[in-house]
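Here's the structure, in structure tokens; my notes come after.
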There are 2 protein chains.
Amino acid sequence: MGNTLALTERQKELVEKIGIFHEQSGMQPAAARVMGLLFVADKRELTFDDITEVLGISKSATSNAINLLIQTDLIDYTTFSGDRKRYFRLKITNWREGLARKINHMTSMNTLFREVLEARKETGAAEDEKLEELIDFLNYVNQELPKMVERWEARRR
Amino acid sequence: MGNTLALTERQKELVEKIGIFHEQSGMQPAAARVMGLLFVADKRELTFDDITEVLGISKSATSNAINLLIQTDLIDYTTFSGDRKRYFRLKITNWREGLARKINHMTSMNTLFREVLEARKETGAAEDEKLEELIDFLNYVNQELPKMVERWEARRR
DNA sequence: AATTTAGTTCATAAAATTATGAACTAGCGA
DNA sequence: TCGCTAGTTCATAATTTTATGAACTAAATT
């Protein structure tokens with residue numbers, strides 16, 4: 001029983017590209033490939049076995065990856081009555097949120113920088129001012145980013 | 001000859017915090033600690049040996065870390081005549097740029113998503129529309145972010 | 001010329017991450 | 001009750017990443 005989901009070369013290439021992208025954002029390799037596959041496969045919903053077979057990874061690797069992606073809310077699944085399989089699919093809508101969270105993580109450095117500044121013996125050095133400036137910038141981004149998302153949403157309507 | 005730069009507990013704590021933050025952004029552990037140290041040390045400029053001794057890492061680890069940080073433009077050094085040592089220091093001003101670059105990397109996913117969409121057999125499915133929407137959002141961010149930075153700069157003056 | 005200083009390089013070791021496969025579980029249907 | 005399906009779990013293996021230490025270089029100093 002050959003697998004009906006075989007990928008074209010183009011699809012394989014895109015799975016890798018998307019995989020690498022996610023790896024670079026800190027995701028485990030297998031999970032990153034699962035993301036890629038869910039993006040490019042001919043079907044929008046894949047079963048556990050689809051994933052295992054098409055990616056050529058072990059069941060445990062698939063299990064790990066899927067649970068990780070569910071936990072981080074990047075994928076989802078449906079079921080159908082009289083069928084025990086789960087059908088996994090991307091939760092694309094959560095991307096915006098995820099992006100915002102990541103940017104937020106970066107800009108959250110500002111509180112840590114503030115602590116650093118307070119722990120420094122006051123030298124009144126030019127370096128301290130530069131750090132102040134950076135903190136101010138991060139604060140600004142933190143404040144403006146949600147507004148930006150709102151503007152995008154408004155424009156959409 | 002004991003080292004004159006010994007860190008307080010508070011400073012050590014902050015080095016670790018900053019280190020972990022950078023590690024989470026994909027930086028190698030040793031380099032991440034060097035960043036932390038340069039942030040919290042009593043002096044704003046440290047030598048190779050200061051770093052090696054205070055962090056308790058090997059010379060090669062220090063060498064690696066420093067070269068990495070110089071390459072990625074996160075640190076700098078000065079020299080003084082009649083002194084062969086290099087004095088390493090943070091290049092804080094480049095942070096804004098670095099942050100912008102990272103956000104850009106994330107939003108650069110839009111071109112890849114566009115490729116995915118084009119490779120999909122046109123099903124006209126709702127999923128495709130969601131992906132379109134995401135691409136649109138990423139485009140928007142890419143476009144608006146530089147403006148945001150400009151607004152911050154303007155406000156600063 | 002010999003030594004010291006300020007590093008670099010590289011083979012190897014240690015540690016951390018990721019994947020495997022075999023054994024297991026729990027529900028369903030016959 | 002037996003077997004099958006759809007996974008999970010865990011000890012172990014493979015891979016990757018990171019750090020070490022010893023040997024080296026090249027410039028400055030004595």
Side-chain angles (χ1 to χ4, degrees), chain A residues 1 3-5 15-16 19-38 43 45-72 75-89, chain B residues 1 3-5 15-16 19-38 43 45-72 75-89:
Chain A
M1 33 120 87
N3 123 42
T4 58
L5 251 155
V15 168
E16 284 311 303
I20 286 170
F21 179 88
H22 281 97
E23 267 188 272
Q24 285 176 345
S25 319
M27 188 180 286
Q28 298 177 354
R33 296 308 177 288
V34 172
M35 286 299 286
L37 180 59
L38 287 171
K43 294 190 266 173
E45 293 177 340
L46 302 181
T47 66
F48 189 100
D49 279 340
D50 287 340
I51 295 168
T52 304
E53 284 169 30
V54 180
L55 292 183
I57 60 181
S58 67
K59 288 209 293 172
S60 15
T62 303
S63 182
N64 270 335
I66 279 176
N67 289 323
L68 189 113
L69 295 173
I70 287 174
Q71 275 203 329
T72 52
I75 68 171
D76 220 5
Y77 62 85
T78 13
T79 48
F80 300 98
S81 71
D83 183 354
R84 270 198 289 148
K85 284 192 202 85
R86 288 182 292 172
Y87 291 80
F88 299 98
R89 61 190 182 195
Chain B
M1 33 121 86
N3 121 44
T4 58
L5 253 156
V15 168
E16 284 311 304
I20 287 169
F21 179 88
H22 283 95
E23 267 189 272
Q24 285 175 346
S25 319
M27 189 179 284
Q28 298 177 355
R33 296 306 177 288
V34 171
M35 286 298 287
L37 180 58
L38 286 172
K43 295 189 267 173
E45 293 178 340
L46 302 181
T47 65
F48 189 99
D49 279 340
D50 288 340
I51 295 168
T52 304
E53 283 168 31
V54 180
L55 293 183
I57 60 180
S58 66
K59 287 208 295 172
S60 16
T62 304
S63 182
N64 270 334
I66 280 176
N67 289 322
L68 189 113
L69 294 173
I70 287 174
Q71 274 203 331
T72 52
I75 68 171
D76 221 6
Y77 62 84
T78 13
T79 49
F80 299 98
S81 72
D83 184 353
R84 268 199 289 149
K85 284 192 200 89
R86 288 182 291 171
Y87 291 80
F88 299 98
R89 61 190 181 195

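Just so you know, these numbers use all the heavy atoms, side chains as well, and skip hydrogens, waters and symmetry mates.
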task: Take the C1' atoms of the five end pairs on each side of the helix from C:dA1-D:dT30 to C:dA30-D:dT1, derive the two axes, and give their angle rounded to 10 degrees.
output: 10°
- request: Using the test side-chain contact (heavy atoms from CB on, under 4.5 Å), find all partners of B:Arg84 that sit at least two apart in sequence or belong to another chain.
  value: none
- prompt: Hey, which of these two, A:Gly26 or A:Gly82, hits DNA chain C nearer its 5' end, going by closest nucleotide?
  reply: A:Gly26
query: Of all heavy-atom pairs between B:Ala32 and B:His22, which one has the smallest distance, and what is that distance?
result: CB-CB, 3.7 Å
query: Just to confirm, is there a sub-4.0 Å distance from OP1 or OP2 of C:dG7 to any side-chain nitrogen or oxygen of B:Arg86?
result: yes
query: Counting only side-chain N and O atoms of B:Lys59, is one of them less than 4.0 Å from OP1 or OP2 of C:dG7?
result: no
task: Using chain B heavy atoms and a threshold of under 4.0 Å, write down where along DNA chain D the contacts begin and end, 5' to 3'.
output: D:dT18 to D:dA28
query: When rounded to the nearest 0.5 angstrom, what distance separates CD1 in B:Ile66 from NZ in B:Lys59?
result: 11.5 Å
Closest non-hydrogen atom pair between A:Thr78 and A:Arg89, with its separation: OG1-NH1, 3.5 Å
statement: Of all heavy-atom pairs linking B:Leu69 and B:Ala31, the shortest is CD1-O, 3.7 Å
Polar atoms only, N or O, under 3.5 Å: list the protein pairs with nucleotides 12-14 of chain C and their distances.
none

- request: Taking all heavy atoms of B:Ala65 and all of B:Val34, pick out the closest pair and write down the distance.
  value: CB-CG2, 4.0 Å
- prompt: For A:Asp50, what residues pass the side-chain contact (heavy atoms from CB on, under 4.5 Å) criterion, not counting sequence neighbours?
  reply: A:Leu5, A:Lys43, A:Leu46, A:Thr47
task: Name the residue closer to the 5' end of DNA chain D, choosing between A:Arg84 and A:Asn67 according to the nucleotide with the nearest heavy atom.
output: A:Arg84
message: Nearest heavy atom decides the nucleotide; on that basis, is B:Phe48 or A:Ala61 closer to the 5' end of DNA chain C?
response: B:Phe48
query: Quick one: side-chain contact (heavy atoms from CB on, under 4.5 Å) partners of B:Ser63, sequence neighbours excluded?
result: B:Phe48, B:Asn67
task: Give, ordered by number, those residues of residues 27-37 of chain B having at least one heavy-atom distance below 4.0 Å to an atom of DNA chain D; if nothing qualifies, reply none.
output: B:Gln28, B:Pro29, B:Ala30
message: According to side-chain hydrogen bond (donor to acceptor under 3.5 Å, both in side chains), who are the partners of B:Gln28, at least two apart in sequence or on a separate chain?
response: none
Spacing between B:Asp49 atom CG and C:dT5 atom P, to the nearest angstrom: 10 Å
- prompt: Which pairs, with at least one residue in residues 23-35 of chain A and sequence neighbours excluded, count as a salt bridge (Lys or Arg N to Asp or Glu O under 4.0 Å)?
  reply: A:Glu16-A:Arg33, A:Glu23-A:Arg33
query: B:Asn64: what forms a side-chain hydrogen bond (donor to acceptor under 3.5 Å, both in side chains) with it, not counting sequence neighbours?
result: none
- request: Would you indicate what B:Asn64 reaches in the nucleic acid, counting non-hydrogen atoms under 4.0 angstrom: base, sugar-phosphate, or nothing?
  value: nothing
- request: Figure out the CZ/P separation between A:Phe80 and C:dC28, and round it to whole Å.
  value: 18 Å
statement: Here the pair of heavy atoms bringing B:Ser58 nearest to B:Thr52 is C-CG2, 4.1 Å
query: Among all residues two or more places apart in sequence or in another chain, which pass the side-chain contact (heavy atoms from CB on, under 4.5 Å) test with A:Ser25?
result: A:Phe21, A:Lys102
- request: Enumerate the residue pairs fulfilling salt bridge (Lys or Arg N to Asp or Glu O under 4.0 Å) with a member in residues 61-71 of chain A, sequence neighbours excluded, ordered by first and then second residue.
  value: none
field: B:Lys85 NZ to C:dT4 P, straight-line distance once rounded to whole Å
entry: 16 Å
